[in-house]
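Here's the structure, in structure tokens; my notes come after.
For ligands, and for the atoms within them, numbers begin at 1 and follow the listed sequence. Keep in mind it's a predicted model, so treat the numbers as computed, not measured.
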Amino acid sequence: MQKFRRSGNVPVMRSALVRYHEIALKRGNRAWFVEHLKKNLSTALRGMGLREIRNASGRLLLNFNHDVPPEELTGRLSRVFGIANFSLVERTDADMSSLGAYVLETLQGQSFDSFRVETRRVDKRFPLTSNDINRELGALVKAHSGARVDLTRPELTVSVEILPSSAFVSLRRVPGPGGLPVGASGRLVSLISGGIDSPVASYRMMQRGCRLIFVHFHSSPFLDRSSQEKSKALVEMLTRYQFVSRLYLVPFGEIQRRIVAAVLRPLRVVIYRRMMLRIASVIAAKERARALVTGESLAQVASQTLPNIAVIEEAARLPVLRPLIGMDKQEIIDQAMSIGTFETSVQPDQDCCQLFVPKHPAVKATLRRAREAEAALDLEELTGLGADHVEIERFHYPEPKDEHGLHVA
Ligand code: ATP
Ligand code: MG
């Protein structure tokens with residue numbers, strides 16, 4: 001293993017180059033998407049000394065006032081939807097001698113036996129072709145390090161990007177989360193339980209550029225507050241992807257008590273769900289959201305058969321989006337693990353849907369029977385019992401701080 005040494009200081013990273021992907025394809029709307037991405041980046045990087053974000057030939061160049069801790073910066077950027085990948089870089093002048101000196105400086109302290117140089121010449125006016133640059137810098141690195149060039153499976157890839165008047169060197173491209181910038185596709189109301197599925201459904205809609213308002217139904221005082229605490233913990237995690245969230249906590253116990261008094265056991269879950277969608281629709285209208293989101297997955301549990309889904313949906317005033325509908329449980333669990341919600345979701349809780357329901361609910365509800373059951377209920381009053389008595393919790397990420405660096409409530 002070669003140890004590459006050279007005198008001088010280790011370069012500090014004061015810039016990042018962010019590459020987007022999908023948003024570049026949206027031709028007519030591209031400027032709009034890029035503006036959203038820039039706004040989200042400045043929120044995500046709050047408190048890190050971000051000086052400016054510049055458009056740089058189909059990429060975004062982020063410049064910082066001072067050195068930034070690479071792990072913190074990498075963590076924050078990897079949660080900003082719309083980023084295809086990014087590199088922590090340092091800017092240098094776009095001429096071969098500056099570039100050569102800078103590449104050698106960047107490689108200080110790196111150990112590698114094989115390498116390649118990979119250049120993208122965005123500025124076609126630069127006098128050398130990408131291949132010429134690769135060859136010239138490759139020869140330089142080889143001479144200083146003794147490592148060999150390996151174009152197919154190198155231990156280290158030195159990436160060079162030549163933009164008008166600036167060049168950037170980086171050793172690592174970090175994958176971003178892809179998708180579209182949060183906020184660019186509009187607002188949705190997401191029904192979040194304390195389970196595994198609804199946080200994953202929420203994540204997938206945020207990845208499609210939606211901003212979510214969360215709604216959780218709880219049965220206190222009939223049950224303890226564990227499901228509320230879980231929903232708060234989950235929303236806090238999901239807020240790292242959309243920066244601000246509101247969680248509506250809806251008291252559902254009294255509504256359930258009234259349903260229990262009027263509806264026979266097998267239909268209760270379906271009637272509970274219809275009430276949830278009615279209340280969520282009222283909240284969505286207030287929040288100017290365009291659709292609802294649930295974590296339903298076809299036939300995963302008895303209440304999620306096709307006939308039941310159709311009967312439940314009929315009570316909603318907006319489209320119901322179900323991003324997990326065709327996924328199987330293991331795929332959902334894998335994604336919950338990768339976004340970090342799984343551990344919290346599997347903690348035991350007292351979920352409102354356990355209250356007064358049979359072990360074997362109806363799997364083939366019909367609209368006629370649901371309406372017959374609801375005829376004994378004052379639906380408007382029940383909707384008001386939930387929608388007019390909500391508690392709202394607010395979440396921010398990163399935590400806003402005042403000028404003394406203290407957290408602001
Ligand atoms: P999850 O893992 O998301 O709890 P689940 O597999 O337990 O889903 P259900 O209990 O049938 O399935 O719930 C289906 C969907 O209904 C949930 O994904 C969620 O969107 C919504 N939902 C269920 N219970 C609640 C609740 N207490 N508050 C808000 N939404 C809920
Ligand atoms: Mg559940």
Side-chain angles (χ1 to χ4, degrees), residues 188-205 212-220 222-235 237-238 246-253 255-256 259 268-284 291-306 308-309 311-313 315-316 318 320-325 327-333 335-337 339 341-357 359-363 365 386-387 390-391 393:
L188 304 175
V189 161
S190 179
L191 281 78
I192 187 138
S193 60
I196 297 169
D197 305 329
S198 39
V200 176
S202 301
Y203 175 89
R204 292 177 84 93
M205 294 320 299
L212 304 185
I213 290 105
F214 296 96
V215 177
H216 175 71
F217 297 89
H218 64 83
S219 304
S220 64
F222 300 95
L223 297 175
D224 69 20
R225 299 179 65 88
S226 55
S227 80
Q228 292 177 70
E229 295 311 318
K230 269 172 81 178
S231 70
K232 286 183 205 173
L234 292 167
V235 170
M237 285 178 202
L238 292 167
R246 275 189 295 285
L247 167 63
Y248 283 70
L249 295 162
V250 183
F252 202 58
I255 299 170
Q256 288 176 288
I259 293 173
R268 282 179 195 165
V269 173
V270 168
I271 304 298
Y272 288 171
R273 286 288 144 78
R274 281 168 62 84
M275 277 315 306
M276 284 186 185
L277 292 191
R278 288 193 184 95
I279 294 166
S281 299
V282 172
I283 294 170
L292 308 178
V293 184
T294 73
E296 287 161 305
S297 162
L298 187 60
Q300 193 194 85
V301 289
S303 60
Q304 296 174 16
T305 60
L306 268 184
N308 286 7
I309 284 176
V311 172
I312 292 169
E313 172 156 305
L318 289 170
V320 181
L321 309 182
R322 300 178 181 83
L324 312 188
I325 197 72
M327 285 175 77
D328 68 51
K329 194 74 191 184
Q330 192 56 48
E331 287 177 275
I332 299 171
I333 289 173
Q335 187 150 31
M337 285 180 166
I339 61 182
T341 52
F342 182 79
E343 285 287 317
T344 303
S345 290
V346 294
Q347 301 298 321
D349 68 354
Q350 293 196 333
D351 181 68
C352 69
C353 295
Q354 305 159 354
L355 198 60
F356 318 124
V357 296
K359 274 214 178 71
H360 302 290
V363 291
V390 296
E391 268 175 64
E393 292 258 341

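- Taking any N or O of Thr294, backbone or side chain, none lies under 3.5 Å from an N or O belonging to ligand 1.
- In terms of polar-atom proximity, Leu191 is counted as a contact of ligand 1, with an N or O under 3.5 Å from an N or O of the ligand.
- Considering only non-hydrogen atoms, atom 14 (C) of ligand 1 lies nearest to Gln304 out of His218, Gln304, Met276.
- Rounded to the nearest 0.5 angstrom, Leu191 CG and Ser231 OG are separated by 11.5 Å.
- The main-chain N or O of Ser226 is never found under 3.5 Å from a side-chain atom of Glu229 such that the two would form a donor-acceptor pair.
- For ligand 1 and Ile196, the ligand atoms under 4.0 Å from any heavy atom of the residue are 2 (O).
- Residue Phe217 has at least one nitrogen or oxygen atom sitting less than 3.5 Å from a nitrogen or oxygen atom of ligand 1, judged on distance alone.
- Atoms of ligand 1 lying under 4.0 Å from at least one heavy atom of His216, given by number and element, are 27 (N), 28 (N), 29 (C).
- Going from atom CG of Leu324 over to atom CG of Asp197 covers 6.0 Å, rounded to the nearest 0.5 Å.
- Listed by number with element, the atoms of ligand 1 under 4.0 Å from a non-hydrogen atom of Val215 are 29 (C).
- Per-residue contacts place Asp197 under 4.0 angstrom from the following atoms of ligand 1 (heavy atoms of the residue considered): 1 (P), 2 (O), 3 (O), 5 (P), 6 (O), 8 (O).
- Evaluated by nearest non-hydrogen atom to atom 24 (N) of ligand 1, the leading choice among Gly195, Ser297, Ser193 is Ser193.
- Checked for salt-bridge contact, Arg322 and Glu313 meet the test: a charged N lies under 4.0 Å from a carboxylate O.
- A side chain to side chain contact (heavy atoms under 4.5 Å, CB included) with Ile312 is found for one member of Arg273, Gln304, Met276 and no other, namely Arg273.
- The backbone N or O of Asp349 sits nowhere less than 3.5 Å from a side-chain atom of Ser227 that would complete a donor-acceptor pair.
- Comparing Ser227, Gly295, Ser345 against atom 17 (C) of ligand 1, the shortest heavy-atom distance belongs to Gly295.
- Distance check: Glu296 CD to Thr305 OG1 gives 10.0 Å after rounding to the nearest 0.5 Å.
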